[in-house]
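Working notes, beginning with the structure itself.
Start at 1 with the first residue, then count along the sequence. Order of appearance sets the numbers: ligands from 1, and atoms from 1 within every ligand.
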Amino acid sequence: MTDQFDDEEIILSELPDDELVDQMHDDLYDGLAEEITEGTQILLDRGWSAQQVLTEALVGGMAVVGIDFRDGVLFVPEVLMAANAMKAGMAKLKPLLVETGVKPAGKMVIGTVKGDIHDIGKNLVGMMMEGAGFEVIDLGINIDADTYIEAIEEHQADFLGMSALLTTTMPYMKVVIDQMKEKGIRDKYKVLVGGAPLNEEFGQAVGADAYCRDAATAVDAARELLAATG
Ligand code: B1M
């Protein structure tokens, strides 16, 4: 999203909020991590909540990247740079999102399923869960059923969270849940699933306890499931 104003130096701190957010969308698109870090800090200094910066400036910008990636305007290297810029902004927000002094409300093991390396959404869910007082054990990306199952058993988790961003990897969630059933441990844990290509129907079809549209929904679902089980 470069244009004829490329040569002019833009002073982020001099832009009003709406223009700064637009500029951050452009900077995210261009993979400019330093500018994203700076813009994030400016919005926080202006009194924006971490949640608002995340949703409007970062996630909003990533949506544009996603559309142009789908349409073949952007390719993997550029999207990786955008993802790195997004992570730089998230690193600034993390301490604010996870600021909590309360005893863990519950424990979640989370990871992106086998064959899938997308981790931004998963990381966000982890941060929001921590921010809501849950303990989070993040297994990372490309996680197979054995690794998930070992981790929930070892950590005696309350929740298993699985993320998938590809239509080719989302069916693996059922493999994990079926393996939990085979081992007779399915009912010991609540399984939460999420990721852009999923929906409510898919969550039910694979036998998850909840499909989570976004990170905030994951927190709500975890709280509700805990309350329901006492
Ligand atoms: Co990829 N990619 N990608 N990619 N990528 C998508 C997913 C795609 C939709 C782009 C497109 O075509 N429009 C498309 C999938 C198409 C499909 O399956 N139908 C796609 C493709 C095709 C691919 C490759 C195959 C491309 C290639 O190599 N030719 C390849 C696959 C690699 C692999 O995994 N094996 C690939 C690679 C990559 C990069 C490495 C370049 C990079 C990932 C970097 C990283 O994550 N570290 C990347 C990115 C960045 C994207 C897009 C642009 C952005 C994803 C993202 O981070 N979104 C994405 C397009 C899109 O989704 N619009 C795309 C922001 C994030 C905050 O949202 O992850 O949805 P999201 O998470 C949300 C919710 O979904 C939910 O809460 C989160 C926060 O609100 N949620 C959960 C997510 N996980 C949850 C777990 C839970 C609960 C809620 O558990 C409890």
Counting only heavy atoms on the protein side, is anything nearer than 4.0 Å to atom 59 (C) of ligand 1? no

With heavy-atom distances below 4.0 Å as the criterion, list the atoms of ligand 1 near Cys212. 88 (C), 89 (C)

Mind checking whether Val125 contacts ligand 1 via backbone (N, CA, C, O), side chain (CB onward), both or neither, at a 4.0 Å heavy-atom cut-off? side chain

Is there a side-chain contact between Val76 and Val79, using heavy atoms and a 4.5 Å cut-off? no

Any side-chain heavy-atom pair of Val53 and Lys92 under 4.5 Å: no

Protein contact of atom 90 (O) of ligand 1 - nearest heavy atom, named by residue and atom, plus distance: Met162 O, 3.6 Å

Sub-4.5 Å side-chain heavy-atom contact between Met129 and Val219: yes

Look only at the side chain of Thr112 and the backbone of Ile117, and say whether a donor-acceptor pair between them is shorter than 3.5 Å. no

Between Leu124 and ligand 1, which residue portion shows a heavy-atom distance shorter than 4.0 Å: side chain, backbone, both, or neither? side chain

Checking a contact table here: which protein heavy atom is nearest atom 19 (N) of ligand 1, and how many Å away? Thr167 OG1, 3.3 Å

Kindly indicate whether the side chain of Met127, heavy atoms from C-beta on, has any atom under 4.5 Å from the side chain of Leu54. no

Salt bridge (charged side-chain N to carboxylate O under 4.0 Å, His left out) partners of residues 75-89, not counting sequence neighbours, each pair once: Lys87-Asp119

Close side-chain approach of Ile177 to Arg186, heavy-atom, < 4.5 Å: yes

Where is the nearest protein heavy atom to atom 81 (N) of ligand 1: which residue, which atom, and how far? Gly195 N, 3.5 Å

For Ala83, the ligand 1 atoms whose distance to one of its heavy atoms is below 4.0 Å: 44 (C)

Atoms of the protein (N/O/S only) found under 2.8 Å from atom 1 (Co) of ligand 1: His118 NE2

Is atom 43 (C) of ligand 1 near the protein, in the sense that some protein heavy atom lies at less than 4.0 Å from it? yes

Can you report which non-hydrogen protein atom sits closest to atom 72 (O) of ligand 1, along with the distance? Gly121 CA, 3.2 Å

Look at the side chain of Lys107 and the backbone N and O of His155, then say whether any donor-acceptor pair between them is shorter than 3.5 Å. yes

Got a second to check how far Leu20's CG is from His25's NE2, nearest 0.5 Å? 9.5 Å

Crowded around Asp45 CG? As in, over 12 foreign heavy atoms under 6.0 Å? yes

In ligand 1, the atoms that come under 4.0 Å of a heavy atom of Leu192 are 90 (O), 91 (C)

Atom 13 (N) of ligand 1: the protein heavy-atom neighbour that sits closest, reported with distance to 0.1 Å: Arg70 CB, 2.8 Å

Please tell me if the side chains of Leu44 and Leu93 come closer than 4.5 Å, counting only heavy atoms from C-beta onward. yes

Is the CZ atom of Arg213 crowded by more than 12 outside heavy atoms at less than 6.0 Å? no

Hey, is ligand 1 close enough to Ala215 that some N/O pair sits below 3.5 Å? yes

Among all protein heavy atoms in this structure, tell me which lies nearest to atom 46 (O) of ligand 1, with the distance rounded to 0.1 Å. Asp119 N, 2.8 Å

Only heavy atoms of Asp116, strictly under 4.0 Å: list the atoms of ligand 1 that pass. 34 (O)

Does Met24 form a side-chain contact (heavy atoms from CB on, under 4.5 Å) with Leu43? I'd like the steps, not just the answer. CA-CA 11 Å; Met24 285 175 72; Leu43 289 174; 3.8 Å; yes

What do you think, any protein heavy atom under 4.0 angstrom from atom 24 (C) of ligand 1? no

Is there at least one protein heavy-atom neighbour under 4.0 Å from atom 67 (C) of ligand 1? yes

Nearest protein heavy atom with distance in Å, relative to atom 65 (C) of ligand 1: Met62 CG, 3.9 Å

How about atom 85 (C) of ligand 1: does it have a protein heavy atom within less than 4.0 Å? yes

Looking only at protein heavy atoms, which one is nearest to atom 74 (C) of ligand 1, and how far off is it? Arg213 O, 3.4 Å

For residues 196-203, run the donor-acceptor check on the side chains, cut-off 3.5 Å, and write out each pair with its distance to 0.1 Å, sequence neighbours left out.
unit_1 : atom_1 : unit_2 : atom_2 : d
Asn199 : OD1    : Glu201 : N      : 3.2
Asn199 : OD1    : Phe202 : N      : 2.8

Check if Gly115 has a non-hydrogen atom at a distance under 4.0 Å from any atom of ligand 1. yes

Can you check atom 15 (C) of ligand 1: any protein non-hydrogen atom closer than 4.0 Å? yes

Honestly, for Lys87 the part within reach of ligand 1 (heavy atoms, under 4.0 Å) is side chain

Checking the side chain of Asp209 only, and the main-chain atoms of Val191 only, is there a donor and an acceptor separated by less than 3.5 Å? yes

Please report, to 0.1 Å, the donor-acceptor pairs under 3.5 Å made by any side chain of residues 138-146, with sequence neighbours excluded.
unit_1 : atom_1 : unit_2 : atom_2 : d
Asp138 : OD1    : Lys122 : NZ     : 3.0
Asp138 : OD1    : Gly140 : N      : 2.8
Asp138 : OD2    : Lys122 : NZ     : 2.8
Asn142 : OD1    : Gly115 : N      : 2.7
Asp144 : OD1    : Asp146 : N      : 3.4
Asp144 : OD1    : Thr147 : N      : 2.9
Asp144 : OD1    : Thr147 : OG1    : 2.6
Asp146 : OD1    : Gln179 : NE2    : 2.7

So is there a nitrogen or oxygen of Ile117 less than 3.5 Å from a nitrogen or oxygen in ligand 1? yes

Kindly indicate whether the side chain of Lys114, heavy atoms from C-beta on, has any atom under 4.5 Å from the side chain of Tyr172. yes

Any chance the side chains of Thr217 and Asp214 put a donor and an acceptor closer than 3.5 Å? yes

Indicate yes or no: does an N/O atom of Ala196 lie under 3.5 Å from an N/O atom of ligand 1? yes

Backbone or side chain, does any N or O of Ser163 fall under 3.5 Å from an N or O of ligand 1? yes

